[in-house]
Protein chains: 2
Amino acid sequence: MARSSSRRAPGSPAGEPGNGEEGNRRTELIRAAARLFREKGYDATTIRDIANAVGMRSGSPFYHFKSKQDMLRAVMSEGLQQALAALEEVAARPAPPRDKFRGLIRAHLATILEPSADFIPVLLYEWRALDQESRAEVIAVKDRYEAIWQNCLRELKKAGLLRRDGKMERLLMFGALNWIAQWYKPGGGLSIDQIADQALEFFLCPARTK
Amino acid sequence: MARSSSRRAPGSPAGEPGNGEEGNRRTELIRAAARLFREKGYDATTIRDIANAVGMRSGSPFYHFKSKQDMLRAVMSEGLQQALAALEEVAARPAPPRDKFRGLIRAHLATILEPSADFIPVLLYEWRALDQESRAEVIAVKDRYEAIWQNCLRELKKAGLLRRDGKMERLLMFGALNWIAQWYKPGGGLSIDQIADQALEFFLCPARTK
DNA sequence: CCTACCGATCGGTAGG
DNA sequence: CCTACCGATCGGTAGG
């Protein structure tokens, strides 16, 4: 029952009357937590940091979350669900393998590189801070996320655009893409789409790349 | 002056008489710190954890290091210097571009995957925990480490084994390789050399890969 | 390198 | 959602 508040659209404006208020405060807290967890790490972020970021006092976040761990779980779980939804939308659109692959790369890079897209970087780099019990919930969604990629790799191989389509290749690609979050600065030299194109060219076989 | 103790060989046995004792205790502390920083993160690791790991009481590490930050700096800085030495040894041996590239990959993977090789993973994943003042010292060594790779990429391109040899390609490769530290479990299915060969095949152009 | 300790800060709670 | 607070723990130090 307490979970049903997460059904509300996360981006809806705060000015509206009715039961939207509570969900908006919760969403504000999750966003602030995601940003701080990414910038300073889970352990270096205090409840007081998060509360201050949304104009609350130190005890008040516990009205919305039962613990700091629960905030981390929410950041990772809800962030990954949004990322999966975006990826599924791309995967559902019919397209040749190479175009679909580029779409997946773009969606993934948007998820980890766009300003205020802190959720998945937190998932990637704060995983060990998540309690053992909460991990299964996230892993279940991650499996679906990875399956979409593995399907795409299979199609690419069938089309002769990739030499191997094993788990190893998927992990090498994920590493290359996820690492970008470590050095990319928004507003720098390259746009997300330009980076996506360069990664695409790096991953695929040159013979039929055009 | 205080730094001169780091000249001592880090692996020398502890049983010997003379001035070797102090350096060995310091080395034990750095190793324990590296392992704990990697497992739990810098902020989640306490001085007491590190002291206990080598059989000391909580105040004693401060006889060897002036602060917890100083231990992190030592882990990163001395770890990277060792990694650079290993990489330079490979780079100095004359070999065709493809073989040299495989040698670099193997050296790098050994540095991040071998049991008790915790130093560079700490450098990679705890960077933000390092004080601003200590970063320059590490960056200077990192620049030399990266220059070796960039040189090798240039030779690979000249030999027609690589399409592009820019900074972007180096970063994509580093990401793919460094990410392996996130999922690799020693004693699992693949050896480090087998992983190196698969990565090599993934990175290079297929036409002349054999 | 140990004993004994300190000030600061942390996650979390009671009661409203 | 705030006020006021608590027990626990932390990095670090003095003195030996």
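In this text, all values refer to a predicted model and were calculated from it rather than measured experimentally. Protein chains get the first letters and strands the later ones, always in sequence-line order, with residue 1 at the start of each.
Side-chain contact check for B:W149 versus B:L87: some heavy-atom pair is nearer than 4.5 Å.
For A:H64 and C:dG11, the NE2 to C1' distance is 17 Å, given to the nearest whole Å. A straight line from CD1 of A:I50 to P of C:dG12 spans 10 Å, rounded to a whole angstrom. Distance CG (A:N52) to C1' (D:dC1): 14 Å, rounded to an integer number of Å. Distance CG (A:D49) to C1' (C:dC10): 11 Å, rounded to an integer number of Å. To the nearest angstrom, P of D:dC10 lies 11 Å from CG of A:D43. Atom-to-atom, NZ of B:K66 to C1' of D:dG12 comes out at 13 Å; the value is rounded to the nearest Å. Regarding B:R48, its CZ atom lies at a distance of 14 Å from the P atom of C:dC5, rounded to whole Å. Separating the NZ atom of B:K40 from the P atom of D:dC10 is a distance of 8 Å, rounded to the nearest angstrom.
Shown here, C:dG16 forms a base pair with D:dC1; the pair counts as Watson-Crick or G-U wobble because both key distances fall under 3.5 Å. Remark: C:dC10 base-pairs with D:dG7. Criterion, Watson-Crick or G-U wobble with two distances under 3.5 Å.
Residue-level contact check: A:T46 touches the backbone only, with heavy atoms under 4.0 Å from sugar-phosphate atoms and none from bases.
Nearest nucleotide to the side chain of B:R57, out of D:dG11, C:dC2, C:dG11: C:dC2.
In this pair, A:W179 and B:Y125 present their aromatic rings perpendicular. The plane angle is above 60°, beyond the 30 to 60° band.
If you find the closest nucleotide of DNA chain C to A:A44 and to A:S60, the one lying nearer the 5' end belongs to A:A44.
To the nearest 0.5 Å, atom CE of residue A:M76 and atom CH2 of residue A:W127 are 7.0 Å apart.
Applying the salt bridge (charged side-chain N to carboxylate O under 4.0 Å, His left out) test between A:D118 and each of A:R31, A:R38, A:K40 identifies A:R38 as the sole match.
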